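Below: the structure, in structure tokens.
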Amino acid sequence: MIVSLARMRLFSFVRTGRAMAPFLGVLVMLGVIYGGGPAQPGEAYGFSAAILFPILAWQTKILLDVEPDVQRRLTVVAIGGLRSEIVAGILAALATGVVLVLLTLVVPWMIGGITGPREAGDPPLADGVIAGVWANLLLLPPALALGALASRAAVGTAARGVAVLAGGAVVGFAFGVRDSPVAWLAPPLIPTSRSTVDGLAVGSMLGYTAQALVWAVLVLVGYVMLRRRND
Amino acid sequence: MLRGVTAQLNPGEAATIVGPNGAGKSTLLNLAAGLLRPTHGLVTGRPARVGFVPERFPADQPFTARRYLTFMAKVQGLADPAPRIAELSDRLRLTPLLDTLLPELSKGSAQKVGLIQAMLIEPELLILDEPWEGLDARTRDEVPLIIAEILAAGRRVLVSDHFGQTAELPGIRVWELVNGELVDEGTDDEAKCVVELVVKADEVAKTVADLREGGHHVNRVRAADREDLESWHDMARSEGSS
């Protein structure tokens, strides 16, 4: 039932053409990042993961906003409760998010955007790829959570939704600058990006993973609380 | 805002919520459906399978009626929804429009889709928010029959109705909302209904006699008109296909 509802949402998202905007956004992003020539995977993927964060959040908001409000109520009754409806929405957002992440990871290889080590001391190609894939997957949960929090069902109006989305993205970038004392308050966009340049650094990877997951869980709790209050 | 509301709907019972616009009819329906939580108090004993018909079906969606109903059936756990969709569409005369996109349907046809989606899984509690809005005359006549069938199966129906049409249904409880409070006016035990039958001409005398023997009052006998015959043929077709 949850999978059927997720499929219904995905069908609606694609059929209404709303899937095109974030898809094109990713292609533009890749054009800008790789337009200057090939880069090593850790560096390029780390940077693209940070830029992908607001696009993933935006896509999640668009996906969850496709359904008319009355239809959402019908769906809650049909599936037997708010919890299953919320899980189905997150599942659909996860599926679309994975597509964008795969696009971000695969397209650079197709256009010659990735290169191996250039100088002694550069991380091996495989290390850079693993670190880059990790960075992209790491930022997916907080991006989905931010997009869900910005959705109409949670915040009620388009203006509030845009404010939450933009605010979350700005916090992610601004709080993550080097030596920021409040970096722990935001999803680790910039720290992750810096970390992947050096290849595999298991200690910091685990730390950032925990930070991203805690941030995502807290924001999702906020989303669920708003949904319970509004529905 | 509702306050001090205490009401119970038993299996096989129907209630109509009457009251002016803004009296809180939709709020009460949403509480019953589980779409709202009361700030104080409890809603208990809600059945697992609930069907909800909104006042205005949200037709601004990129599905054909058939695809929409199929999705909604699967969301409700129906593995093979095609026969059920065919049965209900036939009954509400939506079959020719099943492959039409929802935004292209008339308001009445879209409302039929709303009715069908609520009945796909044979709900234990059917909630209808102003079910007559936008429906054509024949489908409006069908709604009381649907309600009667649901009640006969021991299930429950809750209707909001600011025109008060449902209050005429036999055995239905009338819940009136006055200043946010619910007044249970009970049922009208003296309520009567008119049942229209179509019978073969050579069986009229026997049918009338049987009905009178059963304690029913027969008003009149007339020749079947075109609409009656269509209904007869619809029934014959559905019996032939089942």
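What you see is a predicted model; the values in this text were computed from it and never measured. Only heavy atoms go into these numbers, but all of them, side chains included; no hydrogens, no water, no symmetry mates. Naming: A, B, ... by sequence-line order, numbering from 1 per chain.
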By ring pair (Phe, Tyr, Trp, His ring centres under 6.0 Å), which residues pair with A:F175, not counting sequence neighbours?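 For A:F175, no residue satisfies ring pair (Phe, Tyr, Trp, His ring centres under 6.0 Å) once neighbours in sequence are set aside.
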Just verifying a value: how many Å separate B:L36 CG and A:R73 CZ, rounded to the nearest 0.5 Å?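 Here the rounded value is 8.0 Å.
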To the nearest 0.5 Å, what is the distance between OG (A:S4) and CE (B:M72)? 11.5 Å
Worked check of side-chain contact (heavy atoms from CB on, under 4.5 Å) between A:Q71 and B:Y68: CA-CA 11 Å; A:Q71 177 57 41; B:Y68 173 81; 2.7 Å; yes
More than 12 non-hydrogen atoms from neighbouring residues, nucleotides or ligands closer than 6.0 Å to [atom1] on [X], yes or no?
X: A:D69; atom1: CG; answer: yes
X: A:W109; atom1: CH2; answer: yes
X: A:F23; atom1: CZ; answer: no

Considering only heavy atoms and a distance below 4.5 Å, find which of B:K74, B:R56, B:R49, B:R46 pairs most often with chain A. B:K74
Carefully, step by step, assess B:Q61 and A:V66 under the rule side-chain contact (heavy atoms from CB on, under 4.5 Å). CA-CA 9 Å; B:Q61 301 187 70; A:V66 165; over 6 Å; no
Answer whether the closest heavy-atom distance between the side chains of A:M8 and B:R67 falls below 4.5 Å.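 Of all side-chain heavy-atom pairs linking B:R67 with A:M8, none is under 4.5 Å.
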Is A:R229 close to B:R37 at the side-chain level, that is, under 4.5 Å between some pair of heavy atoms?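 No - every pair of side-chain heavy atoms lies 4.5 Å or more apart.
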Donor-acceptor check, side chain of A:R15 to backbone of B:F63, threshold 3.5 angstrom: yes or no? no
Heavy-atom proximity to chain A below 4.5 Å, by part of B:A33: both
Run the side chain to side chain donor-acceptor pair (under 3.5 Å) test against B:T64 and tell me which residues pass, sequence neighbours left out. none
Grab the two heavy atoms, one from B:D60 and one from A:P68, that are nearest each other, plus how far apart they are. O-CG, 3.9 Å
Testing A:I2, A:L5, A:V3, A:L74 for side chain to side chain contact (heavy atoms under 4.5 Å, CB included) with B:V75, which one passes?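 Among A:I2, A:L5, A:V3, A:L74, the one that satisfies the side chain to side chain contact (heavy atoms under 4.5 Å, CB included) with B:V75 is A:L5.
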